[in-house]
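Inspection log for the structure reproduced underneath, given as structure tokens.
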Amino acid sequence: MHDFSTQAARPDVDREELEFDVLFVGGGPSNLAAMWKLLDLIEAHNAKPGVKKLEGLTLGLIEKGDEIGDHAFSGAVLDPKALKELCPDFVAQGFPSEGEVKQEEVWLLSSERGGFKFPILPPNFNNHGCHVASLSKVVRWMAERIESREVPGVDVMLLPGFAGIQVLWEENPDGTKRVVGVQTADKGVNPDGTKKNNFEPGNALKAKVTVFGEGPRGHLARELVEVLGLDKDAVNPQVYEMGAKEIWEVPEGQVPEGFVLHSTGWPLPAGESGGSFVYKMAGNRVAVGYVVSLDSADPFVDAHLILQKFKTHARIAPLLAGGKLVQYGAKALAIGGWNSMPRLAFAGGMLVGESAQMVNAARLKGIHLGMKGGLCAAETILSALVEEDFGDRSLMRYAAAYLGSWAGAELRATRNFHATVAHGLTPTAMLRLAFAQVAKGWVPGDPLKSKEDASCTESVERFYGKMGLKNGERDPGVKFDGEKLIQKLDDVYLSGVMHDEHQPAHLKIVKGDQVCVSCWETKGSPCTVFCPAQVYEMHPDAQGKVSKVEIAFSNCVHCKTCDIKCPEQNVVWTPPEGGGGPKYTLC
Ligand SMILES: Cc1cc2nc3c(=O)[nH]c(=O)nc-3n(C[C@H](O)[C@H](O)[C@H](O)COP(=O)(O)OP(=O)(O)OC[C@H]3O[C@@H](n4cnc5c(N)ncnc54)[C@H](O)[C@@H]3O)c2cc1C
């Protein structure tokens with residue numbers, strides 16, 4: 001287990017303690033839905049005659065991005081099911097839709113020119129009634145709606161620029177642990193750990209309930225899962241995909257309004273799993289992206305490279321012709337779903353959204369499922385506030401409500417999806433998908449097992465040998481031209497990423513540099529390839545030897561792939577001081 005106890009320790013510092021009734025960690029759609037709904041519920045509760053009023057409450061939300069929305073990254077086609085429950089007239093309320101889905105295509109690609117379009121839409125890709133959206137704009141809109149509310153008896157504090165670095169614990173009389181809040185990261189620390197003149201100690205944010213909505217591979221969620229054993233009843237480990245996306249401005253009329261395309265197959269190597277998306281946005285913009293599974297055998301699985309190749313396909317290239325690249329981003333995506341879900345609540349806290357694997361990988365959708373998590377969490381928090389009971393059993397009502405809701409049913413019906421397609425659309429996978437369709441997710445062998453992503457990586461010789469390449473040879477990749485086919489670092493520039501370089505690296509090498517050196521010698525340092533922001537580099541000296549991995553952490557777009565896929569599990573992603581990271585506005 002990673003040692004979470006020392007990462008933020010600084011005995012020489014007095015930390016200010018701030019008290020909240022409810023604290024939300026992470027400003028994504030799941031937590032913002034929870035906070036919005038909780039405000040509605042408190043207002044409705046206090047309006048009832050004869051009930052004990054909830055007064056003097058403080059609700060807080062911290063977000064590591066400089067502004068809410070800066071780190072929000074998705075596809076996205078948004079299923080409005082949960083949003084309608086939260087805000088039935090969301091369009092009239094100014095929801096930033098990029099357009100309703102009107103025209104859909106699903107392709108199985110076989111080569112740069114080949115492939116076939118499914119004559120009938122597979123049910124999971126029927127997106128009619130959904131909206132194309134920029135998640136960055138959606139969460140900014142949600143935050144504005146929350147800030148504009150005045151609910152008597154409730155103070156709301158949205159605190160962007162603050163990263164939760166460590167869970168705060170207390171011990172119950174029976175020796176079990178309960179969560180009492182989080183500590184935020186110190187600011188103004190030199191790379192060697194000494195204080196700068198502008199040093200600001202992180203605060204101890206104490207709360208009766210802390211809701212963790214950190215997205216995929218949350219750092220604090222990881223601490224909670226490990227310390228409390230929240231995954232002990234899960235069928236499968238938490239598993240992930242990695243997605244890279246570009247946004248293009250194309251000539252007017254080139255891509256029809258409401259156009260949505262998905263594909264799988266080429267350019268993925270045989271036996272690998274993933275797929276593409278092309279979504280028409282407002283203002284002649286098009287989002288084009290690729291997600292690849294991180295339980296890939298390919299040591300050099302590289303979503304950015306696969307995306308570049310995908311753009312050359314005969315069906316895709318004309319959609320982007322004459323266009324200009326305007327933004328890039330990348331992020332992991334939790335895909336284990338129902339079979340990988342950890343326990344959703346515990347004394348003093350809850351997990352919502354992707355931190356709890358609330359994603360339907362078969363539909364490439366998690367926003368509505370995470371939002372529904374937020375809505376169910378808010379209902380339970382209201383009861384807990386009324387009853388003043390924040391223990392495990394009280395908060396576990398949230399888990400029962402979520403798993404018994406339409407969101408639970410959707411996740412259960414696709415519980416075997418990822419394990420089914422983990423090696424691509426093989427004939428067995430097709431058969432299983434057909435079974436799952438008619439038998440509400442049941443397939444022969446149910447429940448199908450998945451393995452931890454990092455453990456699936458094969459050696460370079462074995463994987464590339466299977467592709468017919470000789471020892472040491474790699475897939476030749478693509479010819480970057482700087483216009484259509486973009487080098488990684490040029491793309492990264494368009495993510496707007498920025499960190500103060502004079503702080504300790506937030507990517508921690510936990511087992512020592514020697515492990516990276518031997519990985520370079522024996523495995524070719526996969527991190528130098530799979531990282532979508534080229535953060536990791538190995539620089540051999542004149543004798544051809546390396547002594548350590550170079551980490552350009554200021555390029556890090558907070559995707560978490562290294563934490564997930566490092567074959568040696570030698571990297572732990574921790575939040576940098578608040579405010580650093582990408583600056584997404586359209587993603
Ligand atoms: C390539 C790609 C395509 C996708 N396409 C779609 C799609 O088309 N439709 C769809 O519905 N879903 C899609 N998804 C999934 C969807 O984006 C997620 O399921 C959804 O955003 C999860 O919401 P969340 O609130 O749980 O987490 P997130 O959206 O990840 O938000 C978490 C927030 O918490 C912040 N945070 C994290 N840790 C801390 C900390 N310690 N302290 C403070 N702040 C912290 C982060 O900065 C972030 O802003 C896609 C995902 C990817 C990667």
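As the structure lists them, so they are numbered: ligands from 1, and atoms in each ligand from 1.
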Matching residue for E98 among K137, K280, R285 - test: salt bridge (Lys or Arg N to Asp or Glu O under 4.0 Å)
K137

What's the spacing between I247 CD1 and Y584 OH if we round to 0.5 Å?
10.0 Å

If hydrogens are left out, which of K331, R363, Q357 has an atom nearest to atom 53 (C) of ligand 1, that is, the closest non-hydrogen atom?
K331

For F73, the ligand 1 atoms whose distance to one of its heavy atoms is below 4.0 Å
1 (C), 17 (O)

Please indicate whether any nitrogen or oxygen in A72 is less than 3.5 Å from any nitrogen or oxygen in ligand 1.
no

Nearest neighbour in protein (non-hydrogen) for atom 24 (P) of ligand 1:
S30 OG, 3.3 Å

Check the angle between the aromatic planes of H499 and H558 and answer parallel, tilted or perpendicular using the 30° and 60° thresholds.
tilted

What atoms in ligand 1 come closer than 4.0 Å to a heavy atom of G27?
33 (C), 34 (O)

Which option out of A133, G26, G289, P160 puts a heavy atom nearest to atom 34 (O) of ligand 1?
G26

Value rounded to 0.5 Å, distance of NZ in K206 from CG in L23:
12.5 Å

Once rounded to the nearest 0.5 Å, what's the spacing between atom CE of M242 and atom CG of L294?
7.5 Å

Would you call the rings of F212 and F346 parallel, tilted or perpendicular if under 30° counts as parallel and over 60° as perpendicular?
tilted

Return a yes/no value for E354: is any of its N or O atoms, backbone included, closer than 3.5 angstrom to an N or O of ligand 1?
yes

Heavy atoms only: which of V139, L61, L364 lies closest to atom 6 (C) of ligand 1?
L364

Aromatic ring centroids of F95 and H131 under 6.0 Å?
yes

Check ligand 1 against A163 and write out every atom of the ligand that is under 4.0 Å from a heavy-atom position of the residue.
42 (N), 43 (C)

Interatomic distance, CG@L369 vs OH@Y402, rounded to 0.5 Å, equals 4.5 Å

Below 3.5 angstrom, do we get any N/O pair linking N31 and ligand 1?
no

Would you compute the distance between atom SG of C87 and atom CE of M371 and round it to the nearest 0.5 angstrom?
10.0 Å

Using a 4.0 Å heavy-atom cut-off, which part of L135 comes near ligand 1: side chain, backbone, both, or neither?
side chain

Would Q327 and E249 count as having a side-chain donor-acceptor pair, cut-off 3.5 Å?
no

Mark up the atoms of ligand 1 that fall under 4.0 Å of a heavy atom belonging to Y279, in ascending order.
8 (O)

Taking S293 for the side chain and D295 for the main chain, is one N or O donor matched with an acceptor at less than 3.5 Å?
no

Taking both backbone and side-chain atoms of K365, is any N or O found less than 3.5 Å from an N or O belonging to ligand 1?
no

Please answer whether the main-chain N or O of H506 pairs with a side-chain N or O of T574 as donor and acceptor at a distance below 3.5 Å.
yes

Nearest protein heavy atom with distance in Å, relative to atom 44 (N) of ligand 1
K64 N, 3.1 Å

So which bit of V291 gets within less than 4.0 Å of ligand 1, heavy atoms only: side chain, backbone, both or neither?
side chain

For atom 12 (N) of ligand 1, which protein heavy atom lies nearest, and how many Å away is it?
G366 N, 3.0 Å

Please list the nearest protein heavy atom to atom 37 (C) of ligand 1 with its residue and the distance rounded to 0.1 Å.
E214 O, 3.2 Å

Nearest to atom 23 (O) of ligand 1 by heavy atom, S74, G28, P29, G353: which?
P29

heavy-atom search around atom 51 (C) of ligand 1 in the protein gives L333 CD1, 3.5 Å

Can you name the atoms of ligand 1, numbered from 1 with element, that are less than 4.0 Å from a heavy atom of A332?
53 (C)

Which residue and non-hydrogen atom of the protein lie closest to atom 9 (N) of ligand 1, and at what distance in Å?
V77 O, 2.8 Å

Can you pull out the closest protein heavy atom to atom 32 (C) of ligand 1? Residue, atom name and distance to 0.1 Å, please.
G213 O, 3.4 Å

Location of contacts on F162 toward ligand 1, heavy atoms closer than 4.0 Å:
backbone

Which ligand 1 atoms are under 4.0 Å away from a heavy-atom of P216?
30 (O)

For the side chain of E452 and the backbone of A454, is there at least one donor-acceptor N/O pair under 3.5 Å apart?
no

So between E63, H262, H558, K560, whose heavy atom ends up nearest atom 46 (C) of ligand 1?
E63

Approximate separation, where rounding is to 0.5 Å, of N555 CG and Y493 OH
12.5 Å

Closest protein heavy atom (residue, atom, distance) for atom 5 (N) of ligand 1:
G75 N, 3.1 Å

Between R315 and E105, is the closest basic N to carboxylate O distance under 4.0 Å?
yes

